[in-house]
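Below is one structure, written out as structure tokens, with a few remarks after it.
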Amino acid sequence: SQQGEEDPQALSIQEGENATMNCSYKTSINNLQWYRQNSGRGLVHLILIRSNEREKHSGRLRVTLDTSKKSSSLLITASRAADTASYFCARDSGNTGKLIFGQGTTLQVKP
Amino acid sequence: KAGVTQTPRYLIKTRGQQVTLSCSPISGHRSVSWYQQTPGQGLQFLFEYFSETQRNKGNFPGRFSGRQFSNSRSEMNVSTLELGDSALYLCASSLGGGGNTEAFFGQGTRLTVV
């Protein structure tokens, strides 16, 4: 089973609106990453945030990390239909090469 | 530069057969990790190879095995296939290991066991 939860499991919004996805985890981390997956294809890396960082931006994406609450959030601003995908958070396991993924949030952006 | 290439993209096998999946990482990347994705269990880590050595292994039965060659290409093998092995198998390459650096994923191999 996976160690980490994401909410909501599904999110449906209109184009132009903002989308916020949350990720919680149980143990301490060195870093946390966010990935996007389009319809059963490969994962695309979005952002990596380290445990000593609180916020990171990349284009329309903003990721925050609260290590005291063991949670992270991904905000997509001014969403587009092309943002429709599943979004996963993944934390390092402390063991090299292993990422532990959350269950994912399925985002639908309606044109 | 070329991305991570997985072959084949789709595969249909019969229960009891074995299958070999291939992954060519990004040039210069020495770490290759494998994941299984199913609707019920999500993304589960299988194993990771670095410079031809398995560094980490997930909680999968011994029917799942892998190897890495000197050119960093990796293969995973599943023997005695079961219906529950039907899944999308993803490999990811990274410079030093996906836990601490960005991992680049291939498009996956969709395996269907009938």
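Throughout, a chain's letter reflects where its sequence line sits, starting with A, and its residues are numbered from 1. None of the values given here were measured: they were computed from a predicted structure. Every heavy atom of this structure was used, including side-chain atoms; hydrogens, water molecules and symmetry mates were not.
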Is it true that atom [atom1] of [X] has more than 12 heavy atoms of other residues, nucleotides or ligands lying nearer than 6.0 Å?
X: Q9(A); atom1: CD; answer: no
X: R80(A); atom1: CZ; answer: no
X: I12(B); atom1: CD1; answer: no
X: R15(B); atom1: CZ; answer: no
X: N52(A); atom1: CG; answer: yes

Practice item. Please name the pair of heavy atoms, one in L99(A) and one in Y35(B), separated by the smallest distance, quoted to 0.1 Å. Key: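 Result for this residue pair: N-OH, 3.0 Å.
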Exercise for review: Compare every heavy atom of Q33(A) with every heavy atom of E102(B), then report the nearest pair and how far apart it is.
Suggested key: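 Closest heavy-atom pair between E102(B) and Q33(A): CA-OE1, 3.9 Å.
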Please say yes or no: joined through hydrophobic side-chain contacts below 4.5 Å, possibly via intermediate residues, are [X] and [Y] part of one cluster?
X: F60(B); Y: F47(B); result: yes
X: L46(B); Y: V113(B); result: yes
X: W34(A); Y: V109(A); result: yes
X: Y25(A); Y: I49(A); result: yes

Exercise for review: Drop me the distance from Q37(B)'s CD to Q37(A)'s CD, to the nearest 0.5 angstrom.
Suggested key: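 Those atoms lie 4.0 Å apart.
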Exercise for review: Give, for atom NZ of K57(B) and atom NZ of K98(A), the distance between the pair rounded to the nearest 0.5 Å.
Suggested key: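 The distance works out to 11.0 Å.
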Exercise for review: Look at L43(A), I29(A), N30(A) and state which one has the largest set of heavy-atom pairs under 4.5 Å with chain B.
Suggested key: L43(A)
Point to revise | Contacts of residues 67-92 of chain B with chain A (heavy atom under 4.5 Å) | key: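 From residues 67-92 of chain B, the residues near chain A are L88(B), L90(B).
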Review point. When the aromatic ring centroids of F105(B) and Y35(A) are compared, is their separation below 6.0 Å?
Key: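 Yes: the rings meet the under 6.0 Å criterion.
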